[in-house]
2 protein chains.
Amino acid sequence: MNIPAKTVGESAVTRKCTHDYRVSCGNCRLNTLCLPLALDSADVERLDNIIQRGKPLQKGEHLYQEGVAFTAVYAVRSGAIKAYRVTDDGREQVTGFYFPGEILGMDGISKNAHACSARALETAAVCEIPFSHLQELSTQMPDLQRHFFQLMSREITEDQQLITLLSKNTAEERIAALMLSISSRNARRKLSATQFRLPMSRIDIGNYLGLTVETVSRVFSRLQKLEILEVSNKEIKILDLDALKEIANVHVCEDDE
Amino acid sequence: MNIPAKTVGESAVTRKCTHDYRVSCGNCRLNTLCLPLALDSADVERLDNIIQRGKPLQKGEHLYQEGVAFTAVYAVRSGAIKAYRVTDDGREQVTGFYFPGEILGMDGISKNAHACSARALETAAVCEIPFSHLQELSTQMPDLQRHFFQLMSREITEDQQLITLLSKNTAEERIAALMLSISSRNARRKLSATQFRLPMSRIDIGNYLGLTVETVSRVFSRLQKLEILEVSNKEIKILDLDALKEIANVHVCEDDE
DNA sequence: CAGCGCTATTGACCTGCATCAAGCCCCGCA
DNA sequence: TGCGGGGCTTGATGCAGGTCAATAGCGCTG
């Protein structure tokens, strides 16, 4: 309960683990790693030892770039990160937004080089988890191994949801689905599910959902006019959650377990 | 070199491992598992023991269905499988086509239930690899663990490529990319990279690429008229590979390693 | 080998989103 | 307080691809 992961921006005091977005979990290590993990204190200690501090990222700063050697995966502690790749014709495809409690970088494992770039959307604190250590520890801790298999599997199913979304859905459905996704991720962090600030620009949203800025903007306006959303720049307030779900009709995984 | 995986449809004789699409690899186990894996013969034996025969699937038959308990991942030995999910509004999104030497089913790990359905596009032989055994063995064989991390990571990067493709590319680019993908996967199996039979219908292609049947058909016609492809129903012949790559301009990963 | 059902092709038309083009708002800075 | 540049919004227009419809071809079965 009180051997929290090391993160820059947290004083020695906060290592007592009371905290904000991490309340959902009984165990500290687990907060960094996103899923319940039953470990004895010796294992917690060992795991703690491999998790590295990283200096906090400023807005726009890269966590890693496409093509660089893959050495670690990263857990977001605060702020928000976007992962993206740049296509040959110069377009940017955002492959994911990552919020506190989420892990990114697992795309790099297969080729020992990152397949995406990742940069901070706002000031962000991130934990680095060296992959070689993680692998080693995983052979000794079956639960940890299982945990990472699950995390990667989740990444796969989330990507597949995005594929489905991009495949045939209208602009409205895409935006609605994204808003619901952010909303439910907020809820899991015990933040408001109906009111939040978008850390990303309209361009980022467009590059994630396969839409142009103009369309994104128009959809927000339309949803505002319909009194489903209240939008003022980056501040979002969901006025009619059911209507939003109706529009998305894609069931945004309420993520059980 | 001669303790091949058990598969229905292979006689005891073929267990000598010379064979067809598997020639690329020096080691047999590796053929089932898709990546080079340096194992001593004792480990090979143990691995062999957990890989199960499955009865061959007839065209249209399900390997597993969305929502059913996840117990195993599957290696395709012959034929072709499509993985897909059905959206709330009844559309079918194909999430992947799987050919011999490829592994599917890893989407089920995170929730202990399959997130997709999988069915045979034509008669197919498949090996079942019970996941619980795989996990156990992985803790004892670090190479195997690494291997599966890599496989899952590869699935992630492939999904991300599809996301990019669906996001903003034209119908022509999508079809070209798919043809190139199939072509290079054939090449890896030492089959012709320029001439092959599509195991899936136009509908499946459409459901994979986010297009309607009509559009798929029109694009094939157009590419035929441009003398880039020769299409007769499911038989494809690539006449101008460079032009096709030009159109795709997305670099379809030639998959190193 | 005739007939049926399913898949594929082709054409005509329509629509949702991209594109192009202003204009606006917000915020930092002098 | 005024200026400039970025991000955001809104409008007008065009086009890729969806939709609807008709036909053609393939493969199965009796």
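Chain naming here is simple, since letters A, B, ... match the order of the sequence lines and numbering starts at 1 in each.
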Taking side-chain contact (heavy atoms from CB on, under 4.5 Å) as the definition, give me every residue that meets it alongside [X], ordered by chain and number, with sequence neighbours left out.
X        : answer
B/Asp242 : B/Asp240
A/Ser192 : A/Thr194, A/Gln195
B/Ala118 : B/Leu63, B/Tyr64, B/Ile81, B/Leu104
B/Ser221 : none

Distance in angstrom units between [X] [atom1] and [N] [atom2], rounded:
X        : N      : atom1 : atom2 : result
B/Lys168 : D/dA16 : NZ    : C1'   : 13 Å
A/Glu235 : C/dC27 : CD    : P     : 11 Å
A/Leu165 : C/dC17 : CG    : P     : 12 Å
A/Asp204 : D/dG6  : CG    : P     : 16 Å
B/Leu121 : C/dT7  : CG    : C1'   : 15 Å
B/Leu229 : C/dT9  : CG    : P     : 12 Å
A/Asp89  : C/dA18 : CG    : C1'   : 15 Å
B/Leu166 : D/dG18 : CG    : P     : 12 Å

Pairwise distance CG(B/Leu180) to NZ(B/Lys245) - rounded to 0.5 angstrom: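 Those atoms lie 7.0 Å apart.
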Among B/Leu209, B/Ile203, B/Ile205, exactly one meets side-chain contact (heavy atoms from CB on, under 4.5 Å) together with B/Asn207. Which residue is that? B/Ile203
Let me know, please, whether A/Ile203 or A/Ser167 comes out on the 5' side of the other along DNA chain D by nearest nucleotide. A/Ile203
Short heteroatom pairs, N/O only, protein and nucleotides 27-30 of chain D, under 3.5 Å:
none

Using a strict heavy-atom distance below 4.0 Å, which residues from residues 206-215 of chain B are in contact with DNA chain C?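 Output list: B/Glu214.
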Positions of residues 218-227 of chain B (non-hydrogen atom under 4.0 Å from DNA chain C), listed by number: B/Arg218, B/Ser221
Decide if atom NZ of B/Lys234 counts as having more than 12 heavy atoms of other residues, nucleotides or ligands within a radius under 6.0 Å.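 Above 12, so yes.
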When you measure from the side-chain N and O atoms of B/Ser217 to the phosphate of C/dA8, is any distance below 4.0 Å, counting only OP1 and OP2? no
Does OP1 or OP2 of C/dT7 have a side-chain N or O of B/Lys234 closer than 4.0 Å?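 For C/dT7, OP1/OP2 do not have a side-chain N/O of B/Lys234 under 4.0 Å.
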Would you say B/Arg185 and B/Ser181 are linked by a side-chain donor-acceptor pair, where the criterion is simply a distance under 3.5 Å?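 The answer is yes; a qualifying pair exists.
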Five-pair end axes of the helix from C/dC1-D/dG30 to C/dA30-D/dT1 and the angle they enclose, rounded to 10°: 40°
Which residue pairs pass the salt bridge (Lys or Arg N to Asp or Glu O under 4.0 Å) test with at least one member in residues 200-223 of chain B, sequence neighbours excluded? B/Lys82-B/Asp204, B/Glu172-B/Arg222
With sequence neighbours left out, which residue pairs that include part of residues 58-69 of chain A fulfil the salt bridge (Lys or Arg N to Asp or Glu O under 4.0 Å) condition?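 For residues 58-69 of chain A: none.
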Once ring pair (Phe, Tyr, Trp, His ring centres under 6.0 Å) is applied, do any residues pair with B/Tyr208, and if so which ones, sequence neighbours excluded? B/Phe97
Ring pair (Phe, Tyr, Trp, His ring centres under 6.0 Å) partners for B/Phe70, two or more places apart: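 Ring pair (Phe, Tyr, Trp, His ring centres under 6.0 Å) list for B/Phe70, sorted by chain: B/His114, B/Phe131.
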Check: B/Ser117 side chain, B/Arg85 main-chain N or O, donor-acceptor pair, under 3.5 Å: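 No; zero donor-acceptor contacts below 3.5 Å.
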Between B/Met179 and B/Ile175, is any pair of side-chain heavy atoms under 4.5 Å apart?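 They are in contact (side-chain heavy atoms under 4.5 Å apart), so the answer is yes.
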